[in-house]
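Notes to accompany the following structure.
Only heavy atoms go into these numbers, but all of them, side chains included; no hydrogens, no water, no symmetry mates.
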Amino acid sequence: MYNVADKVVILTGGVSREEIALDPLTRKIYLELPEPSLEDNRADVDRLAAALEKLLGPVVVPLAAMRRIPTVLRDADWRVTVTVGAGAPGVWNLVDVEPGDTVKRHYGLAVDIGTTTVVVYLVNMHDGRIMGTAADYNGQVGLGEDILTRIYLAGTPGGLEQLQRAILDTLNGLIRRLTGEHGLAGREISAVAVGANSTMVHLFLGLDPSRICMAPYIPVVNNPGLIPAGQLRLEINPLAPVYCLPSVGSYVGGDVIAGVLASGLHQQPELSLFVDIGTNGEIILGNRDWLVGCAGAAGPALEGGVAECGMRAEPGAIDSVSIDPESGKVRYTTIGGAPPMGICGSGLVDCLAELLLVGIVDRAGRFKDGRREFVVVPASESATGKDIVVTQVDINNLMRTKGAVNAALELLLESVGCDLSDISRFYAAGAFGQYLHLESAITIGLYPDLPRDKMVRLGNASGEGARLVLLSNRKRAEAEAIARNITYFELNANQVFMNKFIGSKFLPHTNLDYYPTVKAKLIERGLVEG
C-alpha cells in the first residue's frame with residue numbers, strides 16, 4: 001500500500017490493485033476563527049459550529065464537547081483543529097477540539113476480535129499507513145474456550161458483564177501498548193472499526209447472545225451502526241465513533257463481510273469462493289452480480305483444546321508433519337523451533353493427510369491396523385515427557401469438520417446451479433487459512449481441488465476489511481451492501497445439508513473424481529484402483 005496524494009492504493013485480495021480515496025470515519029479540519037467582539041458576540045459553540053457548517057453542513061456538538069470548547073478556543077488563540085465523524089445521514093458529530101494545527105495527527109484503530117485472538121492495528125488516517133500492530137489472546141478464553149460456553153455464561157447472573165469486561169480489558173491493554181509505543185495519548189484515537197463474528201460483537205457491545213444458538217437463530221442486531229467509544233469504556237476519545245462491520249445472521253458475521261470486502265470478490269465478474277475456517281466454517285460464493293453464503297460449526301476440531309494433544313498455534317506447537325512412505329519416519333516442525341508440546345490445527349491437517357497417503361488410515365479415516373492412536377512425537381523427544389499423539393477420536397472430529405465444509409460447499413453450488421470447475425478464484429481467509437498447507441487441506445478434502453494458481457491466502461482478512469472501512473466511508477457503504485446482498489442458507493435445520501454431511505465423511509470425498517490430484521496420488525501409491 002502507498003499513498004497517492006489524497007488516495008491510497010491497496011491490494012485487493014492480494015491479486016489486483018484498487019485505488020480508494022481517503023475518506024475516513026472521522027475528519028480533521030483546521031480552523032482560524034474570528035475572536036468575539038461587541039460586534040460579533042456569538043456563543044463559543046455557535047461560532048465554532050457556524051464555521052464547520054460552512055464546510056460540511058449540519059454539525060451536532062455533544063454536551064461533553066461543549067464543556068471543553070471555551071477553554072480550548074482561548075488557550076489556542078482561536079486557532080484549532082476540529083475532529084468530526086459521520087452521524088445521522090447528512091449530519092456530522094463533533095468528536096474533539098484541539099489547539100493548533102493537528103490535522104496530520106489523525107489516528108484510528110482497525111480491530112479483529114476473534115474467539116481466541118484479538119488483533120489491533122494502529123492506523124494513520126491521514127495517509128492510510130498501518131503504524132503498528134498488537135495482538136493477544138481474547139480475555140474471554142479464560143471464561144470459556146468455545147463460543148457455546150460463552151453464550152451459556154452470558155445467560156447466567158453477571159455473566160454477560162463479565163464477558164464484556166474481559167474483551168474490553170484485552171482491547172484496552174492492546175490500545176495502551178500501541179499508544180505507548182508510538183507516543184500517543186489515548187484521546188488522539190478518534191475512530192475504531194471492528195471485524196468480528198456475531199457472538200463476539202454481541203459480547204463486545206454487552207448484548208444478550210442467547211438466541212444466536214437457538215432456533216430460529218435470531219441475533220439482537222446485525223448492524224449496530226456507530227457507537228461512541230465512551231459508552232463502551234474504550235480508553236480512547238470518548239466521542240470517537242466505533243463501527244462494527246454488519247453481520248448477515250447469527251453465523252455469518254462482520255468478520256466474513258470484512259473478508260469479502262478485502263478480497264474484492266463482490267466486484268469481480270468471475271465466480272469466486274471465500275472460505276474462513278475458524279470457530280465456524282463460513283463460506284461465501286458469488287461475484288459482482290450475486291452472493292450466497294452459509295456457515296456451520298466447522299472449527300471446533302481445529303481448536304487447541306479439542307484434540308487430545310491439541311494446543312493453540314504458539315511456540316512449541318507442531319505446525320507441520322510429514323511421514324516417509326518407505327521408512328514410516330515422522331518429520332515435524334514446531335512454531336518458533338521450540339521443543340514440541342502439542343499439535344495445532346495445521347499440524348493436525350498435515351498429519352491426517354500424511355496418514356492417508358502412506359496408507360495408515362483408510363478413506364473413512366479409520367486406522368487400518370485397528371490401533372487407536374498414532375505417535376507423532378515420542379515421549380523422549382517431547383517437552384511434556386509424554387507421547388504427542390493423534391487419536392482416532394481426533395481424526396473423527398476432523399472428519400466431521402471437513403465433512404461439514406464439503407457438504408456446505410456442495411449445497412451452495414447446487415443451489416445456484418454451478419460446479420467446482422466454474423470457480424475462478426478461491427480465497428482462504430483467517431489465520432488458519434494463512435498457515436495451513438494447501439496440499440494437505442486439499443488431500444483431506446477440507447479445501448476443493450482447484451488449480452493452485454486460483455488459490456489466494458488472504459491472511460487476516462477481517463482486520464484488513466476493518467482497515468478499509470476505517471479509511472473509506474465508501475468501503476463502509478460497500479460492506480453494508482455486501483451484507484444486504486448475501487442470500488443466507490441456514491444449515492442447522494437443512495435436511496439436504498444433513499444428508500450431504502452424512503455422506504461426505506470420506507477422504508477426500510465420497511466421489512474421488514471431485515479431487516483429481518488427490519486421486520492421482522492415491523493411485524500412484526497403490527491405495528486405490530485406477
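Counting heavy atoms from C-beta outward, Y107 and N237 have side chains that stay 4.5 Å or more apart. V103 is listed as a side-chain neighbour of H126, based on a closest heavy-atom distance under 4.5 Å. The closest side-chain heavy-atom distance from R47 to L73 is not below 4.5 Å. In this structure the side chain of E410 never reaches within 4.5 angstrom of the side chain of F497, judged on heavy atoms. Considering only heavy atoms from C-beta on, Y427 stays 4.5 Å or farther from V260 through its side chain. Using a 4.5 Å heavy-atom cutoff, the side chains of V80 and D101 are not in contact. Contact of the L420 side chain with the L409 side chain is registered, since non-hydrogen atoms from C-beta on lie closer than 4.5 Å. Counting only heavy atoms from C-beta outward, the side chains of V194 and C244 approach each other to under 4.5 Å.
A donor-acceptor contact shorter than 3.5 Å links the side chain of N473 to the backbone of P24. Under a 3.5 Å cut-off, the side chain of T81 and the backbone N or O of G100 do form a donor-acceptor pair. Checking side-chain atoms of T156 against main-chain N and O of L153 turns up a donor-acceptor pair under 3.5 Å. In this structure, the side chain of N485 engages the main chain of A481 through a donor-acceptor pair within 3.5 Å. Proximity of a side-chain donor or acceptor of R474 to a complementary backbone N or O of D23 within less than 3.5 Å is not detected. No donor-acceptor pair under 3.5 Å is formed between the side chain of N397 and the backbone N or O of R400. S472 places no side-chain N or O within donor-acceptor distance of the main-chain N or O of L468, the cut-off being under 3.5 Å. E188 places a side-chain N or O within 3.5 Å of a backbone atom of A185 that can act as its donor or acceptor partner.
One distance of note links NE2 of H266 with CD1 of I486; it measures 10.5 Å at 0.5 Å rounding. Rounding to the nearest 0.5 Å places CD of E53 at 13.0 Å from CH2 of W92. In this structure, the separation between CG on L245 and OG on S462 is 7.5 Å, given to the nearest 0.5 Å. Distance check, rounded to the nearest 0.5 Å: OG1 of T116 to CG of D136 gives 12.0 Å. In this structure, CG in N138 is found 10.0 Å from CG in D112, a value given to the nearest 0.5 Å. One finds the SG atom of C418 at 11.0 Å from the CG atom of L273 (value rounded to the nearest 0.5 Å).
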Q | Test log, rule side-chain contact (heavy atoms from CB on, under 4.5 Å), inputs K104 and D127 | A | CA-CA 9 Å; K104 292 183 178 180; D127 61 18; over 6 Å; no
Q: Take I167 and I113 through the side-chain contact (heavy atoms from CB on, under 4.5 Å) test and state the conclusion after the steps.
A: CA-CA 9 Å; I167 184 56; I113 302 178; 3.8 Å; yes
Q.
Please evaluate residues L234 and F204 with respect to the criterion side-chain contact (heavy atoms from CB on, under 4.5 Å), reporting the C-alpha separation (whole Å), side-chain torsions for both, the decisive distance (0.1 Å), and the verdict.
A. CA-CA 11 Å; L234 286 175; F204 170 51; 4.2 Å; yes
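With salt bridges taken as basic N to acidic carboxylate O contacts below 4.0 Å, none links E145 and R150. Salt-bridge formation is detected for the pair K28/E98: a Lys NZ or Arg NE/NH1/NH2 atom is positioned less than 4.0 Å from an Asp or Glu carboxylate oxygen. Between D96 and R68 there is a salt bridge, since a side-chain N of the basic residue sits under 4.0 Å from a carboxylate O of the acidic one.
Closest approach of I335 to C344, counting heavy atoms only: CD1-SG, 4.4 Å. Between Y488 and C294, the closest heavy-atom pair is CE1-CA, 4.0 Å. Taking every heavy atom of both residues into account, G132 and H182 meet most closely at CA-NE2, 3.9 Å. Taking both residues in full, the closest heavy atoms of L458 and S263 are given as CD1-CB, 3.8 Å, listed atom of the first, atom of the second, then distance. The nearest pair of heavy atoms linking D146 to L148 is OD2-N, 3.1 Å. Pairing each heavy atom of M455 with each of L450, the nearest pair is SD-O, 4.1 Å.
Geometric assessment of R79 against the ring of Y30 yields a negative cation-pi assignment under the 6.0 Å and 45° thresholds. Cation-pi contact between R476 and Y243: present, with separation from the ring centre below 6.0 Å and deviation from the ring axis of at most 45°.
Side chains of S198 and S247: a donor-acceptor N/O pair is present below 3.5 angstrom, by distance only. Defined by atom type and a distance below 3.5 Å, a donor-acceptor pair is present between the side-chain atoms of N460 and Y121. With hydrogens and angles left out, the side-chain atoms of T26 and H106 include a donor and acceptor closer than 3.5 Å.
Counting heavy atoms of neighbouring residues, nucleotides and ligands inside a 6.0 Å radius, atom CZ of R211 does not exceed 12 of them.
The side-chain contact (heavy atoms from CB on, under 4.5 Å) test with L174 singles out one residue from T133, V119, V120, T179, and that residue is V120. Of the residues listed (V45, L48, L239), the one engaging L94 in a side-chain contact (heavy atoms from CB on, under 4.5 Å) is L48, and it is the only one.
Checked against salt bridge (Lys or Arg N to Asp or Glu O under 4.0 Å), R288 has no partners two or more places apart in sequence or in another chain. Not counting sequence neighbours, the partners of F426 by the ring-ring contact (aromatic ring centres under 6.0 Å, His included) test are Y447.
Under the side chain to side chain donor-acceptor pair (under 3.5 Å) criterion, the residue pairs touching residues 159-176 are R176-E235, with sequence neighbours excluded.
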